[in-house]
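First the structure, in the form of structure tokens, and then the observations on it.
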Amino acid sequence: LDPAALRQAIEVHPGDHAAGVIARVQAGSRIWQGQVADTVTGRPVPPDAHIRLGSITKSFVAVIALKLAAGHVIDLDRPVQGYLPGLLPRRYQPVTIRELLNMTSGLPQVDEGAPAETADALIAGRYAQPTLGQIIQESLRPPGRPWPGPYFAPGTEQQYDSLNYRIVAYLIERRTGHSFADELRALILRPLHLTQTFPAISDGRSRPMPVPYLHGYLVNDEGALVDVSQQGGDDTSMISTPRDVSRFFAALFSGHLLPAAALRQ
């Protein structure tokens with residue numbers, strides 16, 4: 001590990017729209033941790049501060065889906081329409097669970113075609129807690145505007161799209177009869193002892209960010225910075241630390257989370 005190069009890689013530059021950085025790099029037994037102080041307050045950020053995981057959560061969703069597939073609870077090659085009739089409008093061809101997971105479904109983006117929100121509207125709405133069902137329905141059948149169609153025939157192209165993983169998480173809930181948070185805890189968090197990783201929404205309530213945490217800011221319509229670290233989210237939203245995320249990926253790729261056939265998938 002080259003500490004100077006790693007340090008340079010995490011420096012915040014003008015235009016990055018970042019308010020601080022924490023990083024953890026592990027190579028075998030060697031570990032490097034670095035931080036860039038909060039650019040608003042100037043305070044150092046602890047190297048294992050809590051963070052909202054954003055789209056890193058998709059890896060957790062995929063692991064749960066593959067565990068359920070290995071246990072024959074779901075079939076990766078069965079269309080989602082077979083499990084959840086009526087979820088997709090009739091204009092969509094059959095989309096398999098595998099195509100959702102590998103982003104080849106052709107489905108539209110979350111909130112496709114929605115008008116852009118002002119900064120003040122984004123800030124005011126940050127505590128929203130939409131259900132997975134609401135996100136799916138409002139993306140595929142948006143009220144007050146034309147319903148979006150598919151981008152391409154399933155399996156013919158690949159495009160990153162968060163709606164795919166909202167549908168997979170929704171399927172996990174429907175097939176198991178448990179909340180996504182319950183499945184997350186039972187299949188990943190408890191077995192790996194990820195004690196600093198939490199669902200951001202649990203039992204219908206937003207979890208406060210555990211201290212210490214990496215702060216985030218948005219600029220409102222008047223040009224003032226607003227701390228938006230505390231947010232709502234959906235059932236897949238998560239909070240963790242660099243150490244726990246590293247432990248999760250190390251366990252995944254060393255074969256401790258999935259059987260070999262599922263890990264190859």
Side-chain angles (χ1 to χ4, degrees), residues 50-69 73-74 76 80 83-84 87-88 95 97-103 105 107-112 114 122 125-140 159-192 194 196-210 213-214 216 228-242 244-245 247-249 251-252 257-258 262 265:
H50 291 86
I51 52 176
R52 292 186 69 94
L53 285 191
S55 284
I56 295 173
T57 61
K58 290 181 175 65
S59 296
F60 289 78
V61 174
V63 165
I64 295 172
L66 289 169
K67 281 176 126 0
L68 295 178
V73 177
I74 62 174
L76 297 182
V80 66
Y83 285 117
L84 303 167
L87 184 74
L88 305 186
V95 175
I97 310 308
R98 186 185 304 277
E99 289 164 342
L100 293 172
L101 288 168
N102 65 25
M103 302 283 188
S105 69
L107 294 179
Q109 302 286 344
V110 171
D111 290 335
E112 177 80 18
L122 283 171
R126 69 186 184 276
Y127 298 113
Q129 298 177 29
T131 67
L132 293 171
Q134 287 173 331
I135 293 171
I136 295 165
Q137 290 306 312
E138 290 176 9
S139 297
L140 297 173
Q159 177 173 279
Y160 186 89
D161 181 356
S162 292
L163 183 61
N164 291 295
Y165 274 66
R166 300 304 204 288
I167 294 174
V168 173
Y170 185 67
L171 174 65
I172 289 169
E173 293 188 335
R174 297 297 294 270
R175 289 296 292 169
T176 64
H178 304 142
S179 70
F180 179 80
D182 285 343
E183 289 296 302
L184 174 70
R185 284 188 282 258
L187 298 182
I188 299 177
L189 303 189
R190 291 192 191 112
L192 296 184
L194 302 183
Q196 298 304 308
T197 304
F198 318 98
I201 304 295
S202 186
D203 299 323
R205 291 178 292 182
S206 177
R207 177 187 293 274
M209 287 294 291
Y213 60 87
L214 184 67
V228 293
S229 307
Q230 184 62 48
Q231 299 179 18
D234 62 55
D235 287 352
T236 65
S237 300
M238 293 170 59
I239 296 166
S240 189
T241 64
D244 266 16
V245 172
R247 187 179 300 164
F248 164 73
F249 281 112
L252 171 60
L257 272 176
L258 294 171
Q265 297 291 334

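The analysis underlying the following values was restricted to heavy atoms, covering all of them including side chains, and did not include hydrogens, waters or symmetry mates.
The side chain to side chain donor-acceptor pair (under 3.5 Å) check on E138 picks up nothing, with sequence neighbours excluded. Applying the ring-ring contact (aromatic ring centres under 6.0 Å, His included) criterion to F198, with sequence neighbours excluded, gives no partner residue. With sequence neighbours left out, the side chain to side chain donor-acceptor pair (under 3.5 Å) criterion links R126 to no other residue. With sequence neighbours excluded, the residues that form a side chain to side chain contact (heavy atoms under 4.5 Å, CB included) with A114 are D111, R145. D234 pairs by the salt bridge (Lys or Arg N to Asp or Glu O under 4.0 Å) definition with R166, not counting sequence neighbours. For S229, the side chain to side chain contact (heavy atoms under 4.5 Å, CB included) partners at least two apart in sequence or on another chain are Y213, H215, D227. Under the salt bridge (Lys or Arg N to Asp or Glu O under 4.0 Å) criterion, D235 pairs with no residue, sequence neighbours left out. With sequence neighbours excluded, no residue forms a side chain to side chain donor-acceptor pair (under 3.5 Å) with R190. For F180, there are no ring-ring contact (aromatic ring centres under 6.0 Å, His included) partners two or more places apart in sequence or in a different chain. Evaluation of the side chain to side chain donor-acceptor pair (under 3.5 Å) rule for D182 yields S179, R185 as partners, not counting sequence neighbours. For R98, the salt bridge (Lys or Arg N to Asp or Glu O under 4.0 Å) criterion is met by D77, not counting sequence neighbours. Legend: residues meeting side chain to side chain contact (heavy atoms under 4.5 Å, CB included) with F249, ordered by chain and number and at least two apart, are I56, S59, V245, L252, F253.
For the residue pair Q129 / S206, no side-chain donor-acceptor distance below 3.5 Å is found, with atom types taken as modelled. Side-chain contact check for K58 and T236: no donor-acceptor pair (N or O, by modelled atom type) lies under 3.5 Å.
Counting heavy atoms from C-beta outward, L100 and L107 have side chains that approach closer than 4.5 Å.
Checking side-chain atoms of N164 against main-chain N and O of M103 turns up no donor-acceptor pair under 3.5 Å.
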